[in-house]
Amino acid sequence: AYRLELIDTAKGAKIIREDFKTSDGSNIIGFIITKINDKKITSAANAVKLLDDLSREGYRVKVEMLDLDGDKVVYFF
């Protein structure tokens with residue numbers, strides 16, 4: 001549902017492709033997903049499964065990420 005392509009990193013799941021823009025028009029390629037709805041992300045597969053499950057159930061999703069500078073950012077989808 002989110003059309004993201006992710007790879008594993010030591011800190012979580014790195015976004016290497018995405019098909020949408022954030023509300024301010026920027027993209028999130030290169031950001032590392034560290035938590036989804038306060039659950040720690042340990043792999044790309046873990047992130048994809050959690051996002052798919054939450055979107056199917058219609059839940060609002062809180063995604064914590066590290067941006068390109070390593071700063072923590074939070075987005076709600």
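FYI, side chains are in, hydrogens and waters are out, and symmetry mates aren't considered; it's all heavy atoms of this structure.
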About how many Å separate CD1 of I29 and NZ of K14, when rounded to the nearest 0.5 Å? 11.0 Å
Heavy-atom side-chain contact between F31 and I33 under 4.5 Å: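 Heavy-atom side-chain distance check fails, nothing below 4.5 Å.
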Just wondering, do L6 and I15 contact through their side chains at under 4.5 Å, heavy atoms? yes
Listing request: all salt bridge (Lys or Arg N to Asp or Glu O under 4.0 Å) pairs with a residue in residues 64-77, at least two apart in sequence or in separate chains.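 Applying salt bridge (Lys or Arg N to Asp or Glu O under 4.0 Å) to every pair that reaches into residues 64-77, excluding sequence neighbours, yields K62-E64, E64-K72.
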For residues A47 and I41, report the shortest heavy-atom separation together with the two atoms involved. CB-CG2, 3.8 Å
Cluster overlap [X] with [Y], hydrophobic side-chain contacts below 4.5 Å:
| X | Y | value |
| --- | --- | --- |
| I36 | I7 | no |
| L68 | V73 | yes |
| Y75 | I16 | no |

For L66, what are the other residues in its hydrophobic cluster, where any two members join if their side-chain heavy atoms are less than 4.5 angstrom apart?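 Result for L66 is I32.
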Working for salt bridge (Lys or Arg N to Asp or Glu O under 4.0 Å), residues R56 and D53: CA-CA 5 Å; R56 192 170 335 166; D53 290 349; 3.6 Å; yes
Scan D52, V48, L54 and name whichever one has a side-chain contact (heavy atoms from CB on, under 4.5 Å) with L50. L54
